[in-house]
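Letters A, B, ... mirror the listed sequences (proteins, then strands); counts begin at 1. Quick caveat: nothing in here was measured; it's all calculated off a predicted structure. All values below were derived from every heavy atom in this structure, side-chain atoms included, with hydrogens, water molecules and symmetry-related copies excluded.
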2 protein chains.
Amino acid sequence: MSFAKDQSAGYLANHMARVFAKGLAARIKPLGLTTGTFPALLELWDTDGLTQKQLVDRLDIEQATMANTLARMERDGLVVRKKDSNDGRVQRIWLTDRARALRGPAISAAQDENAVRLAGLTQDEKRQFVALMHKVLKTKSPKEPGDA
Amino acid sequence: MSFAKDQSAGYLANHMARVFAKGLAARIKPLGLTTGTFPALLELWDTDGLTQKQLVDRLDIEQATMANTLARMERDGLVVRKKDSNDGRVQRIWLTDRARALRGPAISAAQDENAVRLAGLTQDEKRQFVALMHKVLKTKSPKEPGDA
DNA sequence: ACCACTTGCATAGCTTGCTATTCAAGTGAT
DNA sequence: ATCACTTGAATAGCAAGCTATGCAAGTGGT
């Protein structure tokens, strides 16, 4: 019963994610951004004024995590939360000018980080790598049969 | 200047790591284990009595993170830290009986989680996937030329 | 022997993630 | 209209990362 950590997909995935995150964090720190805000920003740069629920659905992130992340983003002047007028429960999230202005540099930073980390792979390998990650993510565990 | 998150290796890596971690966490919770302890446990199951420094070197984890993780492990009765008699600075980490007994079930849990998550891949794809992750991890960023 | 430097850990403080719980606002059936 | 249920968000509390700092124990040069 041996277990070689460098043959374990989960172990490697964790390690890889930490490497990517550390690299991206360093690149976007000068912009005053942190990694956790990235997913939400990407969605909002695409369609501003989404509700918190919509963000949670689009990104596979727990509601509580999103609420906390948005609170930090509001504190840091990236978004403003406003109650929907039709439904008093829903919070709509609106980007600030500052956040809109950061789109270009932030995306560049992410692309640079990806490029550097994948520099050792051929074009074909990069495609395979992304495709395989999709395949893994699409595999639903027995616990969550349909989806979510 | 568009950015498709589902084409970004970093984004996918983060997402994958969260899925693996969540799955493993659920499997080892009944054992009273959490994911953060896994790397250290694997090393110690292999060679008990390593120093904290040695653990940090073997696992690509910051010293402060390791110190915190070991503190939690000690609190939870998984390890005992004892000062080295030759060098008063170094802490040697020793597994408790409880931790030694958990080796089998914990490794099974990790193997099960890997198997389930990779169930959608062929044997060949699994090999490719692991190989590609190694290749990415081996690619050192320009910032850290030699290694560490 | 002493002083500067190095080395190994610990601590403080923060982000990002999770589960569990609570609360307020809507909805529906009677 | 009322009461049970659902739905959207917030909060509490914890794990696991990180950077930055501090501190005590060794080491080396003079």
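Atom NZ in B:Lys29 sits about 7 Å away from atom C1' in C:dT19, given to the nearest Å. One interatomic measurement links the two molecules: CD of B:Gln63 to C1' of C:dT11, which rounds to 10 Å at whole-angstrom precision. The separation between B:Leu70 atom CG and D:dA15 atom C1' is 14 Å, rounded to whole Å. A:Lys22 has its NZ atom 11 Å from the P atom of D:dA20, to the nearest Å. Taking atom CD of B:Glu62 as the reference point, atom P of D:dC18 lies 5 Å away to the nearest angstrom. Rounded to whole Å, atom P of D:dG13 lies 15 Å from atom CZ of B:Arg75. What separates CD1 of A:Ile61 from P of D:dA9 is a distance of 15 Å, to the nearest Å. One interatomic measurement links the two molecules: CE of B:Met66 to P of C:dT11, which rounds to 16 Å at whole-angstrom precision.
When heavy atoms are screened at a 4.0 angstrom cut-off, A:Asn14 is found touching the sugar-phosphate backbone but no base atom. Here A:Asp76 lies out of heavy-atom contact (under 4.0 Å) with every strand. Contact annotation for B:Ala64: base contact, defined as any heavy-atom pair under 4.0 Å involving a base atom.
Residues B:Met133 and A:His15 have side chains not in contact (no heavy-atom distance under 4.5 Å, counting atoms from C-beta outward). By the 4.5 Å heavy-atom criterion applied to side chains, B:Lys29 and B:Leu33 are not counted as neighbours. Inter-residue side-chain proximity for A:Leu102 and A:Arg98 is flagged as met; some heavy-atom pair is nearer than 4.5 Å.
Near-neighbour residues of DNA chain C inside residues 32-53 of chain B, defined by a heavy atom below 4.0 Å, number-ordered: B:Thr51, B:Gln52, B:Lys53. Listed in residue order, the members of residues 84-100 of chain B having a heavy atom less than 4.0 Å from DNA chain C are B:Arg89, B:Val90, B:Gln91.
Side-chain nitrogen and oxygen atoms of A:Asn68 include none within less than 4.0 Å of the OP1 or OP2 phosphate oxygen of D:dA12. Regarding contacts with the backbone of C:dG17, every side-chain N or O of A:Arg18 stays at 4.0 angstrom or more from both OP1 and OP2.
Of the charged side-chain nitrogens involved, none lies within less than 4.0 Å of a carboxylate oxygen, so that B:Arg89 and B:Asp84 do not count as a salt-bridged pair. Look at A:Glu113 and A:Lys22 and you find no salt bridge, because none of the NZ, NE, NH1 or NH2 atoms lies under 4.0 Å from a carboxylate O.
Residue B:Thr122 holds its OG1 atom at 12.5 Å from CZ of B:Phe129, rounded to the nearest 0.5 Å. We find the CZ-CE distance between B:Arg81 and B:Met73 to be 10.0 Å, quoted to the nearest 0.5 Å.
Residues A:Leu59 and A:Val90 do not share a hydrophobic cluster, defined by chaining ILVMFWY side chains whose heavy atoms lie under 4.5 Å apart.
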Quick one: side chains of residues 34-44 of chain A, donor-acceptor pairs under 3.5 Å with protein atoms, not counting sequence neighbours, listed by atom name and distance.
unit_1, atom_1, unit_2, atom_2, d
A:Thr37, OG1, A:Thr34, O, 2.8
A:Glu43, OE2, B:Lys5, NZ, 3.0

